[in-house]
Amino acid sequence: MQALRHFGINIGRTTVAMQESSGVQYLGKNLSKTEPGDLVIFGHGTGAAGHVGIINNPSKGTMFNETPPYARISRISDAMSMGYGYYRVKGLHDQAKHRPKIKPSLLALAKRELGGKALNWIGDHLSENEDGIGGKPTGDHLHWLKQAGIPESWWHYMELIIDGGNGIPGESHWNPRITNPSSGAYGIPQSLPASKMASAGRDWRTNAITQLRWMKDLYPWTLWYC
């Protein structure tokens with residue numbers, strides 16, 4: 001929360017300090033009470049394994065998450081098992097209800113601290129597109145797996161499932177729009193029915209990252225055959 005100090009706000013650095021700070025308002029556990037820019041603090045109040053996310057889109061249940069291995073937009077529900085609560089930073093939250101406005105001082109700070117190239121990268125890789133939460137696929141296929149949050153130890157097996165090898169027929173060869181003419185299985189995971197992937201994001205029909213995220217949740221139990 002280094003950026004908050006530029007506005008004279010200090011809510012601490014640890015999750016426990018933030019939860020107990022007089023600089024935040026506790027909103028409870030109802031996501032519908034939050035707005036973009038609010039905080040979700042994970043942990044059981046002891047500081048163990050806690051971390052903080054910034055609410056991105058309450059209606060989609062997404063947050064900006066910079067926990068390792070990289071910064072990304074992720075689902076709030078993925079970390080709820082460790083305990084959670086929603087908080088609003090007093091004195092900073094934009095009060096506009098219908099169309100939040102970016103404060104010029106905050107935008108100037110972001111440009112000064114991050115630079116134009118970094119802001120463009122954030123827009124391309126971390127912002128939501130109009131269809132969902134997948135993010136823009138960049139780089140090679142291994143980088144797609146990284147973008148989808150798939151552990152590096154899985155990459156070899158995921159490549160086998162998608163491209164084939166070791167006697168295993170390839171599924172889709174990384175084409176997010178491919179349809180099996182016989183079965184109707186769709187996309188990189190060859191999901192049947194295809195609509196099952198909707199649980200990963202509204203851009204499931206076209207976005208490789210969204211489809212790979214769905215695979216990540218589906219495939220741990222299938223990796224044994226690789």
Is there a side-chain contact between D163 and H173, using heavy atoms and a 4.5 Å cut-off? yes
Is there a donor-acceptor contact under 3.5 Å from the side chain of S172 to the main chain of I188? yes
Those residues that, when tested against N30, pass side-chain hydrogen bond (donor to acceptor under 3.5 Å, both in side chains) (two or more places apart): S32
For the hydrophobic clusters of this structure (ILVMFWY residues joined by side-chain heavy atoms under 4.5 Å, transitively), does one cluster hold both M82 and M63? yes
Of N65, N56, T62, the one forming a side-chain hydrogen bond (donor to acceptor under 3.5 Å, both in side chains) with S74 is N65
Could you give the distance from CZ (R88) to OG1 (T34), rounded to the nearest 0.5 Å? 7.5 Å
Checking W214 side chain against G201 main chain: does a donor-acceptor pair fall under 3.5 Å? no
Heavy-atom pair with the smallest gap, counting every atom of V24 and K90: O-CE, 3.5 Å
Rounded distance [0.5 Å steps], OH in Y87 versus OG in S21: 10.5 Å
Could you grab the distance from atom CD of E20 to atom OG1 of T15, nearest 0.5 Å is fine? 9.5 Å
For a side-chain contact (heavy atoms from CB on, under 4.5 Å) check, start with the C-alpha distance between Y186 and R177, then their side-chain angles and the critical distance, and finish with the verdict. CA-CA 7 Å; Y186 185 81; R177 300 172 186 262; 4.0 Å; yes
Any I162 side-chain heavy atom under 4.5 Å of M215 side chain: yes
Separation between OG (S153) and CE (M158), nearest 0.5 Å, reads 11.0 Å
Using a 3.5 Å distance criterion without hydrogens, assess whether the side chain of D203 forms a donor-acceptor pair with backbone atoms of T206. no
Distance, nearest 0.5 Å, that separates CG of L212 from CE of M197: 10.0 Å
Polar side-chain atom of Q211 near backbone of P176 as donor-acceptor pair, under 3.5 Å: yes
Among L31, V89, L27, whose side chain to side chain contact (heavy atoms under 4.5 Å, CB included) with D38 holds? L27
Counting only heavy atoms not in K196, do more than 12 fall under 6.0 Å of its NZ? yes
Is E159 close to L142 at the side-chain level, that is, under 4.5 Å between some pair of heavy atoms? yes
With rounding to the nearest 0.5 Å, note down the distance linking CG in L39 to CD in Q25. 11.5 Å
Between side-chain atoms of residues 178-185 and protein atoms elsewhere (two or more places apart, or another chain), which donor-acceptor pairs fall under 3.5 Å?
residue : atom : partner : partner atom : Å
N180    : OD1  : S182    : N            : 2.8
N180    : OD1  : S183    : N            : 3.1
S183    : OG   : A185    : N            : 3.1

Considering all heavy atoms, the nearest M18-I41 contact: CB-CD1, 3.6 Å
Taking every heavy atom of W144 against every heavy atom of G139, the minimum-distance pair comes out as NE1-O, 3.5 Å
May I ask you to decide if the ring planes of F42 and Y84 are parallel, tilted or perpendicular, using 30° and 60° as cut-offs? tilted
Residues that S77 engages under side chain to side chain contact (heavy atoms under 4.5 Å, CB included), provided they are two or more places apart: R75, M80
